Visitor: 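Below is the structure I would like to discuss, written out as structure tokens.
Naming convention: chains lettered A, B, ... in sequence-line order (proteins, then strands); numbering from 1 in each chain. Here the structure is a predicted model, which is why all the values come from computation and not from measurement.
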Amino acid sequence: MGKALLMICVFSCCTLTGLMVATKLRLRYDCLLGLLNSLRQLRAKMEYSALPLFEIVKRIGDARTSVLWDSFSLQLEKGDAVAEAWKRAVHDASSKEEMFGTLKEKESDALSDFISSLGKHDLATQRKAINVIELQLQECLDEAKSELSKKGKLYSSIGMLCGICGAILIW
Amino acid sequence: MRSCSNKGWKTALIPYFPKEIREKLNSLPDDVEVEEIRIRIGKPIQILYGINELIVEADNFLVGESECQELLDNICFHSIYAWEDELKNGFITLPGGYRIGLSGRAVIQDGAVKRIADITSFNIRIARECKGCADKVMPYILDVDGAPLSTLIVSPPGFGKTTLLRDIARQVSDGINGARACKVCIADERSEIAGSWRGIPHNDLGLRTDVLDSCPKAWAMGRLLRTMSPEVIVTDEIGSEPDAMAIMDAATCGVAVLASAHGGSLNEVLKRSSLRKITNSGTFKRYLLLSRSRGIGTLEQVADENMNLLFRRENCG
């Protein structure tokens with residue numbers, strides 16, 4: 001009876017670990033996709049609404065990324081400088097929504113660099129900056145997509161296989 | 001009953017300043033009636049009040065480049081892109097009608113000023129709402145039925161033209177002090193009369209007042225005339241040919257125009273080429289000259305359309 005329970009535990013743990021690693025890849029993909037869509041909204045709102053930054057970022061994002069943008073808007077409204085507000089917003093959002101913690105360092109850095117220049121230039125320069133970050137994020141998104149399709153299933157299968165092997169060994 | 005106040009400026013403006021400047025301004029006594037705060041790169045802060053000035057030299061503090069940049073970021077709400085037109089025109093208006101004049105390096109593109117960059121000087125004008133300051137002038141600018149006559153208020157900058165214009169608009173709109181209640185429309189190019197922030201006026205302009213904010217005066221007057229059926233149009237700091245044309249257009253449609261213009265005397269206004277046509281046409285039925293000889297907005301002279309004096313302050317030079 002004890003052996004059977006142990007086998008189930010080992011199988012479950014390994015499978016779950018595999019699934020979690022695969023989920024991280026999915027989350028990173030979702031996060032990049034959400035951020036890319038938000039940047040497109042940001043550009044449109046900047047061009048057509050002429051609202052201040054804190055108002056614009058309040059109005060962009062989807063159900064999941066709005067945690068980040070809302071927090072960013074709140075920090076800006078409090079009077080924080082843009083770079084500082086972004087840092088706090090990312091910290092805040094990462095604690096509420098797991099996907100923000102899945103970004104790679106180069107992605108986070110590129111975003112931070114872009115954000116710190118936000119609102120400091122005229123519309124034409126701002127548009128160019130958004131185009132550049134969009135290209136960068138698109139590349140990251142493509143990479144995340146191929147990683148997800150190649151490794152996502154692999155990690156969950158490996159997890160399950162490891163679980164089966166472990167169970168056989170215990171048996 | 002006259003009640004003037006600019007006491008709220010500290011609460012409204014201080015959050016925009018960098019920490020060092022904020023501390024210096026916070027230490028100013030509350031009873032100082034500040035009119036302007038001048039910030040210049042490499043120079044101490046200058047505070048203007050009445051005919052006096054105060055150079056803030058505590059701790060040998062000089063305004064640095066980083067302070068100017070931070071101040072600009074703050075007054076633009078970290079959104080330079082949203083204030084491009086204002087930066088091109090050299091001013092930004094904050095909520096409450098506080099106008100900040102800017103100067104620095106002009107960026108020229110295709111022969112026209114694109115914007116002012118590398119901003120090195122800020123002139124923060126403290127807006128004042130002074131209810132009742134128009135009480136004295138009302139009898140001169142109303143006809144026998146209490147309808148307002150087209151009036152031009154003249155004075156050098158900072159002498160209270162906008163404050164007076166705002167109170168006249170309020171009194172005419174509410175129909176008080178002998179005025180017949182009228183539909184008033186304000187063409188507020190610099191958001192100073194109404195103190196609008198995102199289109200919502202923050203100053204009391206009366207019950208029957210509509211404001212077209214942040215839009216060139218001449219265009220705004222034309223639109224208001226065609227769409228809002230005004231009885232009175234109010235506008236500030238006229239001076240260009242299109243302004244004059246728009247005012248004459250409004251006057252010929254039976255609308256009274258209340259406006260202001262820079263000038264040291266009524267004769268100076270008559271000499272300005274852009275305003276000569278309008279003064280010669282008899283569009284304005286009243287001219288008011290303000291000074292600060294007995295405080296901001298002292299009424300010096302009132303003249304009719306033929307420049308006959310209807311009022312002259314005693315001891316007026």
Visitor: Assess whether a salt bridge exists between B/D188 and B/R166, defined as any Lys/Arg side-chain N lying under 4.0 Å from an Asp/Glu carboxylate O.
Guide: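 Here B/D188 does not pair with B/R166 in a salt bridge, since their nearest N and O are not under 4.0 Å apart.
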Visitor: Report, by ascending residue number, the residues of residues 28-46 of chain A in heavy-atom contact with chain B at a distance under 4.5 Å; give 'none' if the set is empty.
Guide: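 The list, in residue order, reads A/M46.
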Visitor: Verify the neighbour count for atom CD of A/E84: are there more than 12 heavy atoms of other residues, nucleotides or ligands below 6.0 Å?
Guide: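 Count over threshold, so yes.
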Visitor: In this structure, are over 12 heavy atoms from other groups packed under 6.0 Å from A/M7 atom CE?
Guide: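 Atom CE in A/M7 is crowded, with more than 12 foreign heavy atoms closer than 6.0 Å.
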Visitor: Under 4.0 Å between a side-chain nitrogen and a carboxylate oxygen: does that hold for A/E143 and A/K104?
Guide: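 Counted as a salt bridge, because a side-chain N and a carboxylate O are separated by less than 4.0 Å.
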Visitor: Please state whether the rings of A/W86 and A/W69 are parallel, tilted or perpendicular, taking 30° and 60° as the class boundaries.
Guide: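 A/W86 vs A/W69 ring planes: tilted.
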Visitor: Which atoms of A/L118 are under 4.5 Å from chain B, going by heavy atoms: the side chain, the backbone, both sets, or neither?
Guide: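 It is the backbone, since no side chain atom gets that close.
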Visitor: Where does the angle between the aromatic ring planes of B/F77 and A/F54 fall among parallel (under 30°), tilted (30 to 60°) and perpendicular (over 60°)?
Guide: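 If you compare the ring of B/F77 with that of A/F54, the planes turn out tilted.
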Visitor: Can you say whether A/E77 sits under 4.5 Å from chain B via the side chain, the backbone, both, or neither, judging by heavy atoms?
Guide: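 Neither part.
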Visitor: Quick test of your reading of the model: are B/R99 and B/E237 salt-bridged, counting only N-O distances below 4.0 Å?
Guide: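 Counted as a salt bridge, because a side-chain N and a carboxylate O are separated by less than 4.0 Å.
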